[in-house]
Amino acid sequence: MKNVHVDLERRSYEIHIASGLISSVGRLLKSIFSGSITAVITNETIAPLYLPLLETSLRSAGFDISPIILHDGEQFKTLDSMRSIYEQLLECGLDRSALLIALGGGVVGDMAGFAAATYMRGIPFVQIPTTLLAQVDSSVGGKTGVNLPGGKNTVGAFYQPRAVFIDPLVLETLPERQLRAGLAEVIKYGIIRDPALFAFIEERLDSLLHRDADTTASVIKQCCMIKSDIVSRDETEQGVRAHLNFGHTLGHAVESLTGYSAYLHGEAVAIGMWAAARLSRTLGLCATADVQRIESLLASAGLPTVVPSFSVSAYMGAMLKDKKKTGSTVNFVLTHRIGEVALHPVGQERLRAFLARDLSMS
Ligand code: NAD
Ligand code: GLY
């Protein structure tokens, strides 16, 4: 078992990482939750795969379980789905003594976390992430919420889980495209913080794509350590946590312009990282050799690096709606070298020129 500690004083918790961990969740929960009532929030794809295993583990540890099965998809990460979750929690008779368990990818985790943050003014929850993206990113750090038609993750709360249980074996059933999308976030950690991790991914990409258990568990742990360190220093994104948004400013614009359906989140982030690396070079912040390594690793991981064709104005409009803008400048996380990023305000004219000249947009 590999453990990573998230240090947030009263809200500190452990990230447990081990193959086959789902079967031990019931026993491990006993040490952090004294009640016996739980609701497992999952979706229609994950439930047949992993809910029986989790239920067995929870029942044998004496827990009572109400499963709540959501539709599968980012398009269901909405306030309508939240209402349905609240109603089902009420119907199951859950009160403030209950525990919510999120079993799924980032969509389930973000919604279950938001339900936990808001139901009865807050009940405890734990995360059991089942996608690579959720295991290295979304299950850790307490960002929860849903999308509005006008913007992604626009309604939500910072609300930390009581624990995160990561079982890398569940990735065996993850569709290949989802695995690659998760790798985008893994590559992100290398770029923002850890040149050795970046080099390790370059070297062991095949093992990661073939889901080699040891390599995958090791990479997940390294990513969780980086995320834990960042979140412990800046829980609510007043500073260094913004570094985790590398690639997200243009990535979110890509997702929004393509109606959240053409690209997976990790794929949009890959496009955004590719563009952010180029912008870093254009602004004289980063050497061409580093930009080339980033481009080459993204391409080898089978991630998209072509910015979809929309007008400069469309991209500007989408980026200016981003939560990370201040006034008329967009705050971009840009790379200085592999392993180091910083926040740079980029003025609208500079950005327009970059999109038009460097990315050949009209
Ligand atoms: P997802 O939750 O939609 O899962 C991807 C697909 O894989 C779904 O169809 C899901 O049912 C399926 N799936 C999940 N686990 C599986 C498994 N083990 N085997 C087979 N199929 C499985 O997508 P995601 O990439 O995990 O998460 C994306 C979401 O996470 C976005 O909504 C994004 O905004 C959010 N996010 C949140 C944070 C955060 O800090 N809270 C960070 C990054 C992303
Ligand atoms: N995924 C970005 C964050 O957690 O801050």
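Counting starts at 1 for both ligands and their atoms, in listed order. Remember, predicted model here, so these are calculated numbers, not experimental data. All values below come from the heavy atoms of this structure, side chains included, with hydrogens, waters and symmetry mates left out.
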Query raised in the report: Applying the 4.5 Å side-chain criterion to the ILVMFWY set and letting contacts propagate, would Phe63 and Phe125 be lumped into a single cluster?
Result: no
Query raised in the report: What residue and atom, counting heavy atoms only, is the protein's closest point to atom 19 (N) of ligand 1, and at what distance?
Result: Thr173 OG1, 2.7 Å
Query - Proximity winner for atom 34 (O) of ligand 1, if only heavy atoms of Arg241, Lys152, His265, Gln127 are counted - result: Lys152
Query raised in the report: Can you list the atoms of ligand 1 that are under 4.0 Å from a heavy atom of Leu49?
Result: 19 (N), 20 (C)
Query raised in the report: Quick one: are Leu283 and Val346 in side-chain contact, heavy atoms under 4.5 Å?
Result: yes
Query - Heteroatom proximity flag, Asn245 to ligand 2, N/O under 3.5 Å - result: no
Query raised in the report: In ligand 2, which numbered atoms sit nearer than 4.0 Å to a non-hydrogen atom of Leu244?
Result: 2 (C), 3 (C), 5 (O)
Query raised in the report: Do Phe332 and His344 have their ring centres less than 6.0 Å from each other?
Result: no
Query raised in the report: Does Leu359 belong to the same Ile/Leu/Val/Met/Phe/Trp/Tyr cluster as Leu279, with side-chain heavy atoms less than 4.5 Å apart forming each link?
Result: yes
Query raised in the report: Does Tyr315 reach the main-chain N or O of Leu257 with its side chain, forming a donor-acceptor pair under 3.5 Å?
Result: no
Query raised in the report: Has the side chain of Arg180 got a donor or acceptor atom that lies under 3.5 Å from a matching backbone atom of Leu303?
Result: no
Requested in this report: Check the hydrophobic clustering (I, L, V, M, F, W, Y; side-chain heavy atoms under 4.5 Å; chains of links allowed) and say if Leu197 and Phe246 are grouped together.
Outcome: yes
**Report entry** Asp72: numbered ligand 1 atoms lying under 4.0 Å from its heavy atoms
**Finding:** 8 (C), 9 (O), 10 (C), 11 (O)
Query raised in the report: For atom 6 (C) of ligand 1, what's the nearest protein heavy atom and its distance?
Result: Gln178 NE2, 3.4 Å
Query raised in the report: For atom 22 (C) of ligand 1, which of Leu171, Leu174, Thr144, Leu103 has the closest heavy atom?
Result: Leu174
Requested in this report: For Lys227, take its heavy atoms, then give the atoms of ligand 1 lying under 4.0 Å from any of them.
Outcome: 40 (O)
Requested in this report: Within a distance under 4.0 Å of any heavy atom of Arg241, pick out the atoms of ligand 2 and give their elements.
Outcome: 3 (C), 4 (O), 5 (O)
Query raised in the report: In ligand 1, which numbered atoms sit nearer than 4.0 Å to a non-hydrogen atom of Lys77?
Result: 31 (C), 32 (O), 33 (C), 34 (O), 35 (C)
Report task. Spell out, yes or no, whether Ile101 and Met120 are grouped together once hydrophobic residues are joined by side-chain heavy atoms under 4.5 Å, including indirect joins. Result -> no
Query raised in the report: Which residue from Gly109, Gly105, Ala181, Gly106 reaches closest to atom 30 (O) of ligand 1 through any of its heavy atoms?
Result: Gly106
**Report entry** No-hydrogen, no-angle side-chain donor-acceptor test under 3.5 Å, Ser84 and Ser81
**Finding:** no
**Report entry** NE2/His210: more than 12 non-hydrogen atoms of other groups inside 6.0 Å
**Finding:** no
Query raised in the report: Do Thr282 and Arg357 come within less than 4.5 Å of each other through their side chains, counting heavy atoms only?
Result: no
Query raised in the report: Roughly how far, to the nearest 0.5 Å, is CD of Gln135 from CD1 of Ile128?
Result: 11.0 Å
Query - Those atoms of ligand 1 less than 4.0 Å from some heavy atom in Tyr50 - result: 18 (N)
Query raised in the report: Which residue owns the protein heavy atom closest to atom 3 (O) of ligand 1, what's the atom, and how far is it?
Result: Val107 CG2, 3.4 Å
Report task. Give the numbers and elements of all ligand 1 atoms closer than 4.0 Å to a heavy atom of Asn43. Result -> 10 (C), 11 (O)
Query raised in the report: What protein heavy atom sits nearest atom 38 (C) of ligand 1, and how far away is it?
Result: Ser138 CB, 3.2 Å
Report summary line: Note: Ile46, heavy atoms under 4.0 Å from ligand 1, region reported as side chain
Report summary line: If we number the atoms of ligand 1 from 1 as shown, the ones under 4.0 Å from a heavy atom of Thr45 are 11 (O)
Query raised in the report: How does Asn153 reach ligand 1, if at all, at less than 4.0 Å between non-hydrogen atoms: by side chain, backbone, both, or neither?
Result: side chain
Report task. Apply the test salt bridge (charged side-chain N to carboxylate O under 4.0 Å, His left out) to residues Asp229 and Arg193: give CA-CA distance (whole Å), side-chain angles for both, the deciding distance (0.1 Å), then the verdict. Result -> CA-CA 11 Å; Asp229 178 60; Arg193 187 57 90 77; 2.9 Å; yes
Requested in this report: Between His248, Lys188, Glu185, Lys227, flag the one that comes closest to atom 4 (O) of ligand 2 by a heavy atom.
Outcome: Lys227
Query raised in the report: Can you tell me if Thr42 uses its side chain to pair, donor with acceptor, with the backbone of Ile69 under 3.5 Å?
Result: no
Query raised in the report: Counting both backbone and side chain atoms, is some N or O of Val170 under 3.5 Å from an N or O of ligand 1?
Result: yes
Query raised in the report: Hey, is Asp137 touching ligand 2 through its side chain, its backbone, both or neither, going by heavy atoms under 4.0 Å?
Result: side chain
Requested in this report: Pick out which of Arg11, Arg10, Lys143, Lys227 makes a salt bridge (Lys or Arg N to Asp or Glu O under 4.0 Å) with Glu235.
Outcome: Arg11
Requested in this report: Using a strict 4.0 Å cut-off to heavy atoms of Asp137, name the atoms of ligand 1 that fall inside it.
Outcome: 42 (C), 43 (C)
Query - Protein contact to atom 4 (O) of ligand 1 [nearest heavy atom, distance to 0.1 Å] - result: Thr131 CG2, 3.6 Å
Report summary line: The protein heavy atom nearest to atom 35 (C) of ligand 1 is Asp110 OD2, 3.4 Å
Report summary line: For atom 21 (N) of ligand 1, the closest protein heavy atom turns out to be Pro175 CD, 3.8 Å
Query raised in the report: Side-chain contact, heavy-atom cut-off 4.5 Å: Lys2 with Ile220?
Result: no
Requested in this report: Measure the distance from atom 31 (C) of ligand 1 to every protein heavy atom, then report the residue, atom name and distance (to 0.1 Å) of the closest one.
Outcome: Glu74 OE1, 3.1 Å
Query raised in the report: Heavy-atom distance from atom 12 (C) of ligand 1 to the protein below 4.0 Å?
Result: no
